Asker: 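One structure follows; several queries about it will come next.
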Amino acid sequence: MSYAAYKMMHWPTSINSCGSGFITHSRADFVPQIPLIQTEELEPEWPAKRGIGPIPNLVVTAANILEIYIVRVVEEGSRESKNAGQSKRSILMDGVSGASLELVCQYRLHGNVESLAVLAKGGGENSRRRDSIVLAFQDAKISVLEFDDSIHGLRTTSMHCFEGTEWLHLKRGRESFARGPLIKVDPQGRCGSVLVYGLQMIILKAAQGGSGLVGDEDSFSSVGTVSARIESSYIINLRDLDMKHIKDFVFVHGYIEPVMVILHERELTWAGRVSWKHHTCMLSALSISTTLKQHPLIWSAMNLPHDAYKLLAVPSPIGGVLVVGANTIHYHSQSASCALALNSYAVSVDSSQELPRSSFSVELDAANATWLLNDVALLSTKTGELLLLTLVYDGRVVQRLDLSKSNPSVLTSDITMVGESLFFLASQLGDSLLVQFACRSAASMLSSGLNEEYGDTEGDTPSAKRLRKSSSDALQDMASGEELSLFGSAPNNTESAQKTFSFAVRDSLVNIGPLKDFSYGLRINADASATGISKQSNYELVCCSGHGKNGALCVLRQSIRPEMITEVELPGCKGIWTVYHKSTRHNADSSRTVGYDDEYHAYLIISLEARTMVLETADLLSEVTESVDYYVQGRTIAAGNLFGRRRVVQVFERGARILDGSFMTQDLSFATSNAESSSGSDNSTVLSVSIADPYVLLRMTDGSIRLLIGDPSTCTVSIQTPAAVESSKKTISACTLYHDKGPEPWLRKTSTDAWLSTGVGEAIDGADGGPLDQGDIYCVVCYESGAMEIFDVPNFNCVFTVDKFASGRTHLVDTYVRDLKDSQTDINRSSEEVTGQGRKENIQDMKVVELAMQRWSGHHSRPFLFGILTDGTILCYHAYLFEVPETTKIEDSFSTQGSVSVTNVSASRLRNLRFVRIPLDTYIKEEATNGVPCQRITIFKNISGYQGFFLSGSRPAWFMVFRERLRVHPQLCDGSIVAFTVLHNVNCNHGLIYVTSQGILKICQLPSVTTYDNYWPVQKIPLKGTPHQVTYFAEKNLYPLIVSVPVHKPLNQVLSTLIDQEVGHQIDNHNLSSAELHRTYTVDEFEVRILEPDRNGGPWQTKATIPMQNSENALTVRVVTLFNTTTKENETLLAIGTAYVQGEDVAARGRVLLFSVGKNSDNPQNLVTEVYSKELKGAISALASLQGHLLIASGPKIILHKWTGTELNGIAFYDAPPLYVVSLNIVKSFILIGDAHKSIYFLSWKEQGAQLSLLAKDFGSLDCFATEFLIDGSTLSLMVSDDQKNIQIFYYAPKMSESWKGQKLLSRAEFHVGAHVTKFLRLQMLSTASDRTSGAQVSDKTNRYALLFGTLDGSLGCIAPLDELTFRRLQSLQKKLVDAVPHVAGLNPRSFRQFQSNGKAHRPGPDSIVDCELLGHYEMLPLEEQLDIANQIGTTRSQIITNLNDLSLGTSFL
């Protein structure tokens, strides 16, 4: 392995920080509109029902991912809440029955976000101004981003960088800093500031009013939205103000100029000195004048406790700051101060005066906080409790602080308020939650108290149902008390202080981090006969994730494996369709009772090579081909329902039939209708069909299209050839119908016609009671030239045109809207380019072969547009609305349409419609097929409650829509799939049917326990404890797992375990009072649980538990194969290594335990039996089996044992200088050791002479996290990850002179991952098509392994070896892409991937890893640019895409 590729497969999900602000819209957009729908009964007080006011966006960051969400609120009585009401009873609160997060945009940055703030643009209720996002990156980079409506994405408005040689003096000679830059902003948006390098404060001055840096304010003037911007920045050196150790700072409310309060420590203290030197912190308030660049000190406060670490600015009208410490909370303002002691460790400055104490004891270190009201703060503790802190005040003087308990929730990493009645709990350790709260004062509670308590008792059952739906571990704590009353503690309180809060969880975002360990095992429904790539879907990844009560086992599977109900052989199938049939003849009323979505399918139509089968989908699938009037003599092209499911339309190659159930009502033939237009086209047959009730669009083999127009009153159909398309004589390569459903069709909003945009869709209720004709129908057409047009149906006026749809631009804009100058030069240039490179690469025939456009249900959903190109590339676009300012009028000279004057063309165009391209990098495209293109996209509205589309073909995949985001999940288990359709009947509830290329028809359902709204489908199994390590016992399909659970114990029990039993000291606790001895203390108790996966996919069963002794920590669990020297047989045993953690006064000891796993799993007592245990000196931190012997790392020693069947006997040892072995890997007789501080050691074991000898080591100091061998053919490399988020690859080369005669390991590659890699797993790479064609090097590639890794951010990726030719090609492409792609927030991918040594001396290693995160941008470039770049580096586009595809294919492991 000389070269490798770094590839992310699952992006981070642990949310580090969050913020909220009006990013994509302004406050003024929330002024209530007059409802058009409720015309029959307009309530007189409609403006009063405003619900919960304007709601800002939510911005979250997870490592290097930045996401912006919009909060969609479902108000009581609205149409959505009626639909949702049937499915689950949701709690009503403030007139709101639900809220959900919808993704606006997501970016993967080339750098981890260290800190995030939202720069607010001050303004009233109707302000049109918007906020901006300020991001800070390591070491001192700051980017300011604003949302640009025209591109529906973020745009960088300013960048501030304070690193490099000219800013070196800011570091003052230091190399490493405890934390990255920290951003805070002024609440009124006048300035922001960033603390970098510990002592340098960068002040960012905000642009006042309308004067911006960027000179395009005038283009905004017509729309009237201006985002906050930064004008300039300067530095304050806090050292000059005599501040040394800054802990936190914040801007306070209520001053005319921005005032910054800084919490700093004058002299440091530590735990051993606290009794002498305690109150060392102080506050300093600086008034910041950004124009004069002055910062006078206006007030300060001394003598704050040394453990104070956080400041909270109290909102107006009170003002001031709260100082949060581990044991106390202090309030300080310019005029007043007060404090609250949280537990018995809190002391006042001069122990004479007693601090007021809270009613219960709590520790507040590592807490997060936000303000619910202007006098109530919400605190989240390190144990996941929510606390409410009330400020009891009079005027502006705070008299005292009140703390009260609230619900338990998730362990948070950040909290932000979203609007006035929602808050978001961001979490790195569990799922993040969006929670709504309501507050009532005590007086109003008395009247409504009764029914509320009543509502609470039965509120448990639906919330339990909801838990199952979201399967979120964090919700379970909240389920116990949906509404919880909190009264102030003192009875003589004023009424304002007695507030009660009730909470309701509205939405949650799944998180699988932090991944501490994982193991690779077989799935329950594995198929033993699978081969090749479909064999990969037999496996799953079982991960230890979360912490404490958020601890869970995450079962990850990259591909979906549907649960099969039944299968039959069906060779030669070409397509399948299911259709409904309403028996209107019998009784029109009975069908109304069945919901529109719950109606069962009536017939299954199967198209074979030369005939068609029809099956009835009643209780049994029975063939009725003979007794129906369907066309069964040839193959069917498509089938579907028309006229509100009252008729079935069946289209075959030369005609169509309309059927009522099994009876034909109309028969059409296509051959004669156009005989007069051209004599030669008689033999043209139907190629593809698109059905949108009541229209059917046909594309013929000669490249023309026909439209069948249905008449709902008579249920008949007539054929028409659209004149507009007929006259243009352009060949059509793909077309589809798009039905813009719903009471408010979305595309109408994009037109500028007043009557269109406010048009009321007449809802014609058919006999079925379902919505029959609501909304508009459009026809999307792609020509051979690559252009795309959208027509309205049935008039066929062109409403939208894009010149080069097939080239895959990032944004699609109507050609008529773009400015004349741009488009002319654009067209000329690109056409020259393509012809120039077309000779080199046959790109001329790149055209769209299939189109689909769909808007799935959801009140605010926007249409998606999909196109499949000839080479298998999928273009995916999402529509958005951008109101074009009237200034860019279309010029009359641009009338290329001949006689048609432009003015009336533009009248009805969708000129505000735009599309933004969405990356689909998780999808591996299939090899281009030369056969007849069949339709590959099947849209589904409800399969087990999910919606999206299924892509059939040789790489089938599910595209599911959640929160307006596409999630792509491949389906590998059956290889290529030729046909797919939905099925809903008695035996298969909202299921699916598909036919594999082997000719097997399968009826399936989607697994219900899995959450699909994630990068990979995931199932979370809550453990209520912290998982540490998991391993897979393959013979019995069991997962042994180390779990620790916090337990409260009395102090005297804890102290008694801390004495050294051997010396026999008596514990002297005479200096502790009896009360202190009985206080409880939290200790982690360890156990090894043995879990078995559930056959039906339910919660996993704990088959056995192995408890550890007092204060004994289990450190490692492994399945080892040992050679029994007495019976001469191999035994598979479970080995556990432990350590006693008893403080620094006791010598370290540990135990090694061996267990055998029994045969009968019925009796759980006998499942595991201990066969051996032995106590050793030092902690046993790693175990492995080496050729039948057991290798144990105990403290600084590494000992090899042989197993006699009753005991372990040492046969060889190696006394290395390692301090603590973190990981141990073995290949054949080679051993790789990773140490907590001393980097890696490479040993070998020789059977003759029985010795462990050191081959080589890395002489640097490195804090290892994980190690593993990387095998590429016959070369062996050593991989290690460290605490600075890097990975390095070493190799052993004793012949090289630099290796000091082989003592030193040499560096082969190094790379900065940007996350702590905790585990590597070596998996054999899969062979790909291009390997098979180049037969010469097959032998070399068979033994090629990649390393799958997991990180603490919840991301997964892999390091895969590359051959040199591919590496050189991709590396030169990578260098080009650094400049060719505009990077979000102005970050440089090259600097992000440099090895970070944190100030230690490090000799840079070779750059032999390519970054697929950057290479993934290549496919998102427009086709012309892709060809251009490929040409510049001397290769072809198809070659690059094949290399990237092979890499994805070779590593599609799960």
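This is a predicted model, so every value here is computed, not measured.
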Asker: Check whether any side-chain N or O of N64 sits under 3.5 Å from a backbone N or O of L109 as a donor-acceptor pair, and report yes or no.
Answerer: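 Yes.
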Asker: If you define the side chain from C-beta out and look only at heavy atoms, does anything of D1013 sit under 4.5 Å from R967?
Answerer: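 They are in contact (side-chain heavy atoms under 4.5 Å apart), so the answer is yes.
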Asker: List the steps, then state whether side chain to side chain contact (heavy atoms under 4.5 Å, CB included) holds for L391 with L401.
Answerer: CA-CA 5 Å; L391 277 63; L401 308 171; 3.9 Å; yes
Asker: Under 3.5 Å, side chain of N57 to main-chain N/O of I23, donor-acceptor pair present?
Answerer: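 Yes, N57 side chain to I23 backbone: donor-acceptor pair under 3.5 Å.
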Asker: Can you sort out the partners of F1265 under ring-ring contact (aromatic ring centres under 6.0 Å, His included), two or more places apart, ordered by chain and number?
Answerer: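 Testing F1265 for ring-ring contact (aromatic ring centres under 6.0 Å, His included), a comparison that skips the adjacent residues, returns H1316.
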Asker: For the pair T61 and S17, evaluate side chain to side chain donor-acceptor pair (under 3.5 Å) and give the outcome as yes or no after the intermediate values.
Answerer: CA-CA 6 Å; T61 65; S17 53; 2.7 Å; yes
Asker: Among all residues two or more places apart in sequence or in another chain, which pass the salt bridge (charged side-chain N to carboxylate O under 4.0 Å, His left out) test with E102?
Answerer: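 Partners of E102 under the salt bridge (charged side-chain N to carboxylate O under 4.0 Å, His left out) test: R72.
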Asker: Is the backbone N or O of L311 less than 3.5 Å from a side-chain atom of D248, with the two atoms forming a donor-acceptor pair by type?
Answerer: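 Such a contact is found between D248 side chain and L311 backbone.
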Asker: Which atom names give the shortest non-hydrogen contact between S409 and K549, and what distance separates them?
Answerer: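 In terms of heavy atoms, the two residues are closest at O-NZ, 2.8 Å.
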Asker: Would you kindly say whether T1031 and S519 are connected by a side-chain donor-acceptor distance under 3.5 Å?
Answerer: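 No, because no side-chain N or O of T1031 sits under 3.5 Å from a partner of the opposite role on S519.
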Asker: Is the closest side-chain donor-acceptor distance between D1084 and N1113 under 3.5 Å?
Answerer: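 No - no donor-acceptor pair under 3.5 Å links their side chains.
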Asker: Can you confirm whether W1016 sits close enough to I512 that some side-chain heavy atom of one is under 4.5 Å from a side-chain heavy atom of the other?
Answerer: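 W1016 vs I512: side chains apart.
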Asker: With H1028, which residues qualify under side chain to side chain donor-acceptor pair (under 3.5 Å), at least two apart?
Answerer: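 Residues passing side chain to side chain donor-acceptor pair (under 3.5 Å) with H1028: S1044.
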Asker: Ignoring hydrogens and angles, tell me if any N or O in the side chain of N550 forms a donor-acceptor pair with the backbone of D431 under 3.5 Å.
Answerer: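 Checking the backbone N and O of D431 against the side chain of N550, no donor-acceptor pair under 3.5 Å is found.
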Asker: For F22, check ring-ring contact (aromatic ring centres under 6.0 Å, His included) against everything at least two apart and list the hits.
Answerer: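 In terms of ring-ring contact (aromatic ring centres under 6.0 Å, His included), with neighbours along the sequence ignored, F22 is linked to H25.
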Asker: Give the C-alpha distance, both sets of side-chain angles, the deciding distance and a yes or no for side chain to side chain contact (heavy atoms under 4.5 Å, CB included) between V1117 and L1041.
Answerer: CA-CA 7 Å; V1117 57; L1041 163 81; over 6 Å; no
Asker: Which label fits F503 and F437: parallel for a plane angle under 30°, tilted from 30 to 60°, or perpendicular past 60°?
Answerer: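 Correct class here is tilted.
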Asker: Rounded to the nearest 0.5 Å, what's the gap from CG on L429 to CG on N511? Could you check?
Answerer: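 Atom-to-atom, L429:CG and N511:CG are 8.0 Å apart.
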Asker: Please report the shortest heavy-atom distance between G546 and P1027, naming the atom on each side.
Answerer: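 Here G546 and P1027 meet closest at O-CD, 4.1 Å.
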Asker: Do V73 and Q436 have side-chain heavy atoms sitting under 4.5 Å apart?
Answerer: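 V73 does not reach Q436 side chain to side chain.
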Asker: Can you tell me if S413 uses its side chain to pair, donor with acceptor, with the backbone of I15 under 3.5 Å?
Answerer: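 Present.
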Asker: State, to 0.1 Å, how close T328 and A341 come at their nearest heavy-atom pair, and which atoms those are.
Answerer: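 Taking T328 first and A341 second, the nearest heavy atoms are CG2-CA, 4.2 Å.
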Asker: To the nearest 0.5 Å, what is the distance between CD on E540 and CG on L556?
Answerer: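 Here the interatomic distance stands at 9.5 Å.
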Asker: By side chain to side chain donor-acceptor pair (under 3.5 Å), which residues pair with N16, not counting sequence neighbours?
Answerer: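 Applying side chain to side chain donor-acceptor pair (under 3.5 Å) to N16 gives none.
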Asker: Given side chains that start at C-beta, do those of T1011 and K1020 come closer than 4.5 Å, heavy atoms only?
Answerer: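 A side-chain contact is absent here, since even the closest heavy-atom pair is not under 4.5 Å.
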Asker: Tell me, do P181 and Q138 make a side-chain contact under 4.5 Å, heavy atoms counted?
Answerer: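 In short, these two side chains touch, coming nearer than 4.5 Å.
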Asker: Grab the two heavy atoms, one from L433 and one from S508, that are nearest each other, plus how far apart they are.
Answerer: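 Minimum heavy-atom separation between L433 and S508: CD2-CB, 3.6 Å.
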Asker: One pair to check against side chain to side chain contact (heavy atoms under 4.5 Å, CB included): V314 and W371. What are the steps and the verdict?
Answerer: CA-CA 8 Å; V314 183; W371 291 92; 3.8 Å; yes
Asker: Give, for atom CZ of F423 and atom OG1 of T416, the distance between the pair rounded to the nearest 0.5 Å.
Answerer: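 Those atoms lie 11.0 Å apart.
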Asker: Quick check: are there more than 12 heavy atoms from other residues, nucleotides or ligands sitting under 6.0 Å from OH of Y1081?
Answerer: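 For Y1081, atom OH is not crowded (no more than 12 foreign heavy atoms under 6.0 Å).
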Asker: Report yes if the side chains of I70 and E964 come closer than 4.5 Å at any heavy-atom pair, otherwise no.
Answerer: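 They are not in contact (no side-chain heavy atoms under 4.5 Å apart), so the answer is no.
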Asker: Take D517 and K1319 through the salt bridge (Lys or Arg N to Asp or Glu O under 4.0 Å) test and state the conclusion after the steps.
Answerer: CA-CA 6 Å; D517 187 33; K1319 163 91 179 210; 3.3 Å; yes
Asker: Is it true that a side-chain atom of T390 and a backbone atom of V376 form a donor plus acceptor pair closer than 3.5 Å?
Answerer: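 Answer holds: no.
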Asker: Are any non-hydrogen side-chain atoms of P1040 and Q1029 less than 4.5 angstrom apart?
Answerer: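 The answer is no; the side chains never approach within 4.5 Å.
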Asker: Determine which pairs satisfy salt bridge (charged side-chain N to carboxylate O under 4.0 Å, His left out) with at least one residue from residues 10-22, sequence neighbours left out, and list them in order.
Answerer: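 Those involving residues 10-22 do not exist here.
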Asker: Are any side-chain N or O atoms of D414 and backbone N or O atoms of A426, one a donor and one an acceptor, separated by less than 3.5 Å?
Answerer: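 Not a single qualifying donor-acceptor pair exists.
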Asker: Does the N368 side chain pair with the main chain of T412, one donor and one acceptor, at a distance under 3.5 Å?
Answerer: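 Here the side-chain-to-backbone pair exists.
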Asker: What closest approach, in Å, do Y1015 and P12 show between heavy atoms, and which atom pair accounts for it?
Answerer: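 Taking every non-hydrogen atom into account, CE1-O, 4.0 Å.
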Asker: Decide side chain to side chain contact (heavy atoms under 4.5 Å, CB included) for Q1019 and R557; before the verdict, give the C-alpha distance in whole Å, the side-chain angles of both, and the deciding distance to 0.1 Å.
Answerer: CA-CA 9 Å; Q1019 176 189 356; R557 310 171 172 108; 3.8 Å; yes
Asker: Using 0.5 Å steps for rounding, measure from the CG atom of D1094 to the CH2 atom of W1100.
Answerer: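 Between D1094 CG and W1100 CH2, I get 9.5 Å after rounding to 0.5 Å.
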Asker: Is a side-chain N or O of K247 found less than 3.5 angstrom from the main chain of A308, in a donor-acceptor match?
Answerer: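 Confirmed, K247 side chain pairs with A308 backbone.
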Asker: How many angstroms lie between atom CG of L411 and atom NE2 of H547, to the nearest 0.5 angstrom?
Answerer: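 The NE2 atom of H547 is 6.5 Å from CG of L411, to the nearest 0.5 Å.
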Asker: For a quick test of reading the model, state the closest non-hydrogen atom pair linking F360 to L403 and the distance between them.
Answerer: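 Looking at all heavy atoms of both residues, the closest pair is CE2-O, 3.6 Å.
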Asker: Answer yes or no: is there a donor N or O on one side and an acceptor on the other, between the side chain of Y309 and the main chain of A366, under 3.5 Å?
Answerer: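 Answer holds: yes.
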Asker: When you compare the side chain of K382 with that of D365, does any pair of heavy atoms fall below 4.5 Å?
Answerer: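 SC-SC contact between D365 and K382 confirmed.
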Asker: Nearest 0.5 angstrom please: M417 CE to C18 SG, how far?
Answerer: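 Interatomic distance, M417 CE to C18 SG, rounded to 0.5 Å: 12.0 Å.
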